[in-house]
Amino acid sequence: MYPPPPPAPHRDFISVTLSLGESYDNSKSRRRRSCWRKWKQLSRLQRNVIFFLSAFLILCGFLSYVHMADQWKALSGRSLEDQKIIPEIPELKPAKLLILSARQKAGDNPEDSPKILLQKFGKHVRRGPPRLQIRPPNTVSKDGIQDDAKEQEAALGDAHQEEDMQRTVISWRGAVIEPEQGTELPSRRAEASTKPSLLAAKMQEKTVPPNERQKAVIEAFLHAWKGYRKFAWGHDELKPVSKSFNEWFGLGLTLIDALDTMWILGLKQEFQEARTWVSQKLNFKKNVDVNLFESTIRILGGLLSTYHLSGDSLFLRKAEAVEEVTKHIHSLSGKKDGLVPMFINTHSGLFTHPGVFTLGARADSYYEYLLKQWIQGGKKETQLVEDYLAAIEGIKTHLMRHSQPRKLTFMGELAHGRFNAKMDHLVCFLPGTLALGVHHGLPANHMELAQALMETCYQMNHQMETGLSPEIAHFNLYPRADRRDVEVKPADRHNLLRPETVESLFYLYRVTGDHKYQDWGWEILQNFNKYTRIPSGGYSSINNVQDPQRPEPRDKMESFFLGETLKYFYLLFSDDPNLLSLDTYVFNTEAHPLPIWAPT
């Protein structure tokens, strides 16, 4: 038999612990030296790659943590009231959050309110604009325009959340933004003072049947709409010659721009079809670059005006942000007797390209909106009308000239003290703006200038062989028997179906009642039909207004042809002064009418 093993030496707990600690330290020290030798054996490239991957993994972990924290804050940050209310509403998903305009009224009827919802939290939440859904009036018409069951149920949810709207303004990516101290949402009393739904109802009650010229406009619109519907449905612009489409924003630009025009023309079937597309297909979650100005006047303006004209009682005001920009420009140096340069540096807030003044592209809407903001705001913002009146005087002093031989009044451009007898067709907005100001009580002598400029804009069309205005005209300043007042350079002789001349004809007729303005407009509409109409559907801009035999279609129908040009034709030919009265509505620069704010 083997002898028994010797007994193990006695070790208390402390001695064992110390023994293990020494062994562990020696082992760790050896591992360190081994790792350091291996690290030194790596090339510099290999070590840089390891550093890069490590930094990348740390960054990904940090972003993932921030992202998950946002979602948990959103879910845990809801008030107890929300937790009590939401389960009581059938089919209302608690993960959906309501986004409100900063100026939205908590007292609005929730059935009339537009829904701007973030989608449910899924794998991730993307930054970007929300999906916007347009809603018709909360009445059922004989044409069957009504809200579906799901929209009504969602509206019930808004009714229960009305108190929360008083406190919570915006919800974005799960973060809740509260109103600043001292600010509040507009009261119900202020809401009742405007009541755009009542304005729309009154307009519909007094509808006058369209006359023959208005019927011709309706026919032109339906022809243009036929081409868009067949070849470019849901896309931004129709290319009528090639029977295809062009994308700019990818947001159905022509369709949205034309919504209120269809409503004004009484095209209910086409309106309902377009509304269905907006409700089901319009999606702003697109990673694309857009022109902020154009998207605002066309898309936002089109949707807001449609809300009002279709009877929706919601009144979405402009943000506080716009007022601050206006005040900033009001106090800026670098103006010339009310005239402003075209550019402002977004970082410094100062004018750039000083000394260059024009009423054409990139500057026209500034002067137009000085007047229209003053009118829409109830004529309370005196700095707006002061800047407008100063600008008109600056225009007359520095930009106004008279051509030869007919002495047409026109507005040129000024660059560092040098005058250029060049006038964009865009400047033809000014006669209408001047007339609108006179209608609202501004100096009567502005009407003389408006009428003189209106004559010039008409001649820019009438003196061309096609009867359609070029994009840019140059005026003859010196008397010569072989030269006309209006001259056109080869690069400027295209026509883009622009509305500015027709727009001003509408205002001049409304203010003066002189039927010659209607006749001038009728002449221009006939020329559009003769030289720009495409048989298969749609209208096309043309390259050469001086060649009636070969106007050369450019294969593009701008969205403003439906949103502005045809709308102003229809209003110009109307004998009803209450059809979008100048005392009740103001048009944005894309011809989308919005109610004038009544005093509270």
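Values below: all heavy atoms of this structure, side chains included; hydrogens, waters and symmetry mates excluded. Keep in mind that what you see is a predicted model, and the values were worked out from it rather than measured. If you read the sequence from its start, that first residue is 1, and numbering goes on from there.
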Basic-acidic side-chain contact under 4.0 Å: [X], [Y]:
| X | Y | value |
| --- | --- | --- |
| Glu219 | Lys215 | no |
| Arg213 | Asp575 | no |
| Arg229 | Glu273 | yes |
| Lys422 | Asp424 | yes |
| Lys567 | Asp260 | yes |
| Glu552 | Arg554 | no |

Whether the [X] and [Y] side chains hold a donor-acceptor pair (N or O, under 3.5 Å, no angle test) is what I'd like checked.
| X | Y | value |
| --- | --- | --- |
| Glu455 | Gln451 | no |
| Asn529 | His223 | no |
| Gln459 | His462 | no |
| His494 | Glu471 | no |
| Glu368 | Thr433 | no |
| Asp555 | Ser540 | no |

Rounded at 0.5 Å granularity, tell me how far [atom1] in [X] sits from [atom2] in [Y].
| X | Y | atom1 | atom2 | result |
| --- | --- | --- | --- | --- |
| Glu393 | His446 | CD | NE2 | 5.5 Å |
| Asp257 | Asp236 | CG | CG | 10.5 Å |
| Gln373 | Leu370 | CD | CG | 7.0 Å |
| Asp485 | His474 | CG | NE2 | 14.5 Å |
| Leu253 | Leu238 | CG | CG | 12.5 Å |
| Leu571 | Phe573 | CG | CZ | 10.5 Å |

Least distance between heavy atoms, [X] atom then [Y] atom:
| X | Y | result |
| --- | --- | --- |
| Arg550 | Asn544 | O-CB, 4.1 Å |
| Met454 | Pro431 | N-CG, 3.8 Å |
| Pro548 | Glu465 | CD-CB, 3.6 Å |
| Ser574 | Asn211 | CA-ND2, 4.4 Å |
| Pro593 | Leu580 | CG-CD1, 4.1 Å |
| Thr261 | Gly563 | OG1-O, 3.6 Å |

Subject >> Where at least one partner belongs to residues 383-426, residue pairs that pass ring pair (Phe, Tyr, Trp, His ring centres under 6.0 Å), sequence neighbours excluded >> reply: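 Checked against ring pair (Phe, Tyr, Trp, His ring centres under 6.0 Å) - neighbours excluded - the pairs reaching residues 383-426 are Phe410-Phe475.
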When you compare the side chain of [Y] with that of [X], does any pair of heavy atoms fall below 4.5 Å?
| X | Y | answer |
| --- | --- | --- |
| Phe528 | Leu497 | yes |
| Thr466 | Asn527 | no |
| Tyr369 | Leu384 | no |
| Tyr367 | Asp387 | no |
| Arg406 | Gln463 | yes |
| Ser403 | Asn476 | no |
| Met464 | Leu468 | no |
| Leu371 | Gln376 | no |

Subject >> Inter- and intrachain pairs under disulfide (SG to SG under 2.5 Å), touching residues 448-497, at least two apart >> reply: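 Only Cys428-Cys457 qualify under disulfide (SG to SG under 2.5 Å).
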Can you tell me if [X] uses its side chain to pair, donor with acceptor, with the backbone of [Y] under 3.5 Å?
| X | Y | answer |
| --- | --- | --- |
| Gln518 | Leu572 | yes |
| Ser541 | Leu496 | no |
| Ser504 | Gly432 | yes |
| Asn578 | Ser581 | no |
| Glu564 | Pro499 | no |

Original post:
Pick one: which of Trp225, Phe221, Tyr539, Tyr568 meets ring pair (Phe, Tyr, Trp, His ring centres under 6.0 Å) with Phe561?
Top reply: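 That would be Tyr539; it is the only one of Trp225, Phe221, Tyr539, Tyr568 passing the ring pair (Phe, Tyr, Trp, His ring centres under 6.0 Å) with Phe561.
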Original post:
Would Gln546 and Val488 count as a side chain to side chain contact (heavy atoms under 4.5 Å, CB included) if you check the C-alpha gap in whole Å, the side-chain angles of each, and the deciding distance to 0.1 Å?
Top reply: CA-CA 9 Å; Gln546 295 179 308; Val488 185; 3.8 Å; yes
Original post:
Can His440 and Asp583 be said to form a side-chain hydrogen bond (donor to acceptor under 3.5 Å, both in side chains), step by step?
Top reply: CA-CA 8 Å; His440 283 278; Asp583 295 315; 4.7 Å; no
Original post:
Would Asn246 and His235 count as a side chain to side chain contact (heavy atoms under 4.5 Å, CB included) if you check the C-alpha gap in whole Å, the side-chain angles of each, and the deciding distance to 0.1 Å?
Top reply: CA-CA 7 Å; Asn246 177 59; His235 297 284; over 6 Å; no
Original post:
Hey, which of Ser242, Ser536, Pro240 is the one that makes side chain to side chain contact (heavy atoms under 4.5 Å, CB included) with Phe231?
Top reply: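 Of the listed residues Ser242, Ser536, Pro240, the side chain to side chain contact (heavy atoms under 4.5 Å, CB included) partner of Phe231 is Ser536.
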**OP:** Would you please indicate if the ring centroids of His592 and Phe587 are separated by under 6.0 Å?
**Re:**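 For His592 and Phe587, the ring centres are not under 6.0 Å apart.
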**OP:** Apply the test side chain to side chain contact (heavy atoms under 4.5 Å, CB included) to residues Ile596 and Thr584: give CA-CA distance (whole Å), side-chain angles for both, the deciding distance (0.1 Å), then the verdict.
**Re:** CA-CA 6 Å; Ile596 295 174; Thr584 308; 5.8 Å; no
Subject >> Arg483 and Glu487: CA distance, side-chain angles, deciding distance, side chain to side chain contact (heavy atoms under 4.5 Å, CB included) verdict >> reply: CA-CA 8 Å; Arg483 298 179 66 177; Glu487 298 180 338; 2.6 Å; yes
**OP:** Using the side-chain hydrogen bond (donor to acceptor under 3.5 Å, both in side chains) rule, take Glu237 and Tyr228 through it: C-alpha gap first, then chi angles, then the decisive distance, then the call.
**Re:** CA-CA 8 Å; Glu237 296 167 333; Tyr228 176 77; over 6 Å; no
